[in-house]
Amino acid sequence: MSTASVKCELEKYGLTPNRALGQNFLASDTAARAIAEAACENRCPVIEIGPGMGALTAELVKCAQRVAAIEIDRRMAEIIADRLPEVQLINEDALKADIPGLIAALGGRANIAANLPYYITTPLCMRFLSLGADGSIPAMTLMMQKEAAERFTAKPGDRVYGPLTVLAGYYYEVTKLMELSRDMYYPQPDVDSVVLKLTAKGAEKLFELEWLLNRAFAMRRKTLSNNLRAAGISDERLKSLLGACGIEGNIRAEKLTVAQFANIAREIETHGK
Ligand code: SAM
C-alpha cells in the first residue's frame, strides 16, 4: 500500500483518520510483510492490536496459523470483518479487553503484533509485559515511535530507564528490527518509528517485580531506600533486604541493573516485605 492507496481506501469508505485514536496508517507493503514474518516466526497464533484498515493484518493472515485482532474503532472493525473474515475480530479497547481469555481460547500461547497507537504505547506495553510474565506471550513485534522504543533499550542511568525497561529486559530479549521514516505512514506523524521484536527468555515469573518497580521509581529524585520506605518497608527490613542483595540503600533506582531488581524482587518473594 502506498500513501495514495491508503488515502484512496479511506475515501472509498468515507473515513477520515481519527488522530485521537493514533490512526497513522502504515503505507508500506514491504514493512508490513517484514513485520508479519517476524511476528509469525514461532508458528504461534497472533493477536494484532489496532488492525486499522488491515495493512499488517492482510500479511499476518498469510503466515500465522490463526489471527485475532482487537480494534477500538467500530468503523475499522467493520472493514476488517468485511475484508478478512478469517480474522477473529474483537471490537474493544485493548487496555480493557480480556486478553488472557483470548490467549486461552487460542491454545494458551499467542504472539502480539501491532503498529501501536502512540497515545497508549506505554500502558499497552506494560499490560503485555505483565501478561507475558507467565510465558503465554512468546513474542511481540511492535512498531512504535522512536522515543518510545528508547525506553526498551535504555541502560541504567539513562533518562528514560524505568519500569518498562526493566520488565522488558527481565522477561524478553529485545531486538531492533528496523527503522521506518515518518513518510511511510498516512497521515504522516511528527516522528520516525522503530520496530522492536521481543522474544521471551523463559525467565522465572517474579510476582513482586512490578510492585517493586512501581515503588522504586515512584519518585525518581529519591533514593531507593526512601522510595521503599514510603511504600511501607521498615528501616530494619530495608537493611536486611538490601544487605542480602549487596545493594547500597542510597542508590537511586535508575542506577540499578535488571539483575539487581530481579534479586530484590526474589528476596521479597521469599522473605516478605
Ligand atoms: N495496524 C494499522 C496499520 O498499521 O495501518 C493501524 C495502526 S494505527 C497506528 C493504530 C490503530 O489502533 C488504529 O486502527 C486505532 O483505531 C487503533 N486503536 C487505538 N486505540 C486503541 C485501543 N485502545 N484499543 C484497540 N485499538 C486501538
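Owing to the predicted nature of the structure, the values given are computational and were not obtained by experimental measurement. Indexing begins at 1, ligand by ligand and atom by atom, following the structure's order. Index from 1, following the sequence.
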Handout entry: L56 near ligand 1 by a heavy-atom separation under 4.0 Å
Key = no
Problem - Closest protein heavy atom (residue, atom, distance) for atom 24 (N) of ligand 1 - result: A94 N, 2.8 Å
Handout entry: Derivation and outcome, side-chain contact (heavy atoms from CB on, under 4.5 Å), residues I103 and I137
Key = CA-CA 8 Å; I103 294 176; I137 304 179; 3.8 Å; yes
Exercise for the section: Enumerate the atoms of ligand 1 whose separation from the nearest heavy atom of Q23 is less than 4.0 angstrom. Expected result: 13 (C), 15 (C), 16 (O)
Exercise for the section: Evaluate the criterion side-chain contact (heavy atoms from CB on, under 4.5 Å) for residue pair T122 and R151; output intermediate values, then yes/no. Expected result: CA-CA 9 Å; T122 301; R151 288 165 174 241; 3.6 Å; yes
Handout entry: Among A55, P17, A27, P51, closest by any non-hydrogen atom to atom 2 (C) of ligand 1
Key = P51
Handout entry: Which residue and heavy atom of the protein sit nearest atom 5 (O) of ligand 1, plus the separation
Key = L26 N, 2.9 Å
Problem - Nearest option to atom 19 (C) of ligand 1, as decided by whichever heavy atom of L21, I49, N91, I70 sits closest - result: L21
Exercise for the section: Report, in ascending order of atom number, the atoms of ligand 1 lying under 4.0 Å from any heavy atom of E92. Expected result: 24 (N), 25 (C)
Fill in the blank from the handout: So OH of Y13 and CZ of R75: to nearest 0.5 Å the spacing works out to 13.0 Å
Exercise for the section: Check each atom of ligand 1 against the heavy atoms of I120 and keep those under 4.0 Å away; list them by number with element. Expected result: 22 (C), 23 (N)
Problem - Y118 to ligand 1, any heavy atom closer than 4.0 Å - result: no
Completion exercise
the protein heavy atom lying closest to atom 23 (N) of ligand 1 turns out to be D93 OD1, 2.9 Å
Practice task
Provide, to 0.1 Å, the distance between atom 12 (O) of ligand 1 and the closest protein heavy atom, together with that atom's residue and name.
Solution key: G50 CA, 3.3 Å
Problem - Y171 ring center within less than 6.0 Å of F128 ring center - result: no
Exercise for the section: List every atom of ligand 1 that sits less than 4.0 Å from any heavy atom of N24, numbering the atoms from 1 in the order shown and giving each element. Expected result: 8 (S), 9 (C)
Problem - Check: R266 and C245 side chains under 4.5 Å, non-hydrogen atoms - result: no
Fill in the blank from the handout: among protein heavy atoms, the one nearest atom 21 (C) of ligand 1 is I72 CG2, 3.4 Å
Handout entry: Heavy-atom nearest option to atom 14 (O) of ligand 1, drawn from M76, M184, E71
Key = E71
Exercise for the section: Kindly confirm or rule out an N or O of N115 lying under 3.5 angstrom from an N or O of ligand 1. Expected result: yes
Exercise for the section: State, with a plain yes or no, whether a side-chain heavy atom of L242 is found less than 4.5 Å away from one of I251. Expected result: no
Exercise for the section: Any chance you could lay out the salt bridge (Lys or Arg N to Asp or Glu O under 4.0 Å) test for R237 and E267, step after step, and finish with the verdict? Expected result: CA-CA 11 Å; R237 178 61 185 124; E267 174 68 20; 3.8 Å; yes
Handout entry: Contact check, E48 vs ligand 1, heavy-atom distance below 4.0 Å
Key = yes
Practice task
Enter the distance from K155:NZ to T257:OG1 here, rounded to the nearest 0.5 Å.
Solution key: 12.0 Å
Handout entry: atom 20 (N) of ligand 1 - nearest protein heavy atom and its distance
Key = Y119 OH, 2.8 Å
Practice task
Would you check, one step at a time, whether the test side-chain hydrogen bond (donor to acceptor under 3.5 Å, both in side chains) holds for Q145 with T121?
Solution key: CA-CA 9 Å; Q145 297 197 344; T121 296; over 6 Å; no
Practice task
Kindly determine whether K222 and N227 satisfy side-chain contact (heavy atoms from CB on, under 4.5 Å), including the steps that lead there.
Solution key: CA-CA 6 Å; K222 284 193 174 179; N227 274 325; 3.9 Å; yes
Exercise for the section: Find out whether L95 and L124 are in side-chain contact, i.e. whether some heavy atom of one side chain is under 4.5 Å from a heavy atom of the other. Expected result: yes
Problem - Atoms in ligand 1 with a heavy atom of F25 nearer than 4.0 Å - result: 5 (O), 6 (C)
Problem - Residue G22 vicinity, atoms of ligand 1 by number, heavy atom under 4.0 Å - result: 8 (S), 9 (C), 10 (C)
Exercise for the section: Check whether any N or O atom of L116, backbone or side chain, sits under 3.5 Å from an N or O atom of ligand 1, and answer yes or no. Expected result: no
Problem - Chi angles and distances behind the side-chain contact (heavy atoms from CB on, under 4.5 Å) call for D82, E78 - result: CA-CA 6 Å; D82 180 42; E78 282 168 6; over 6 Å; no
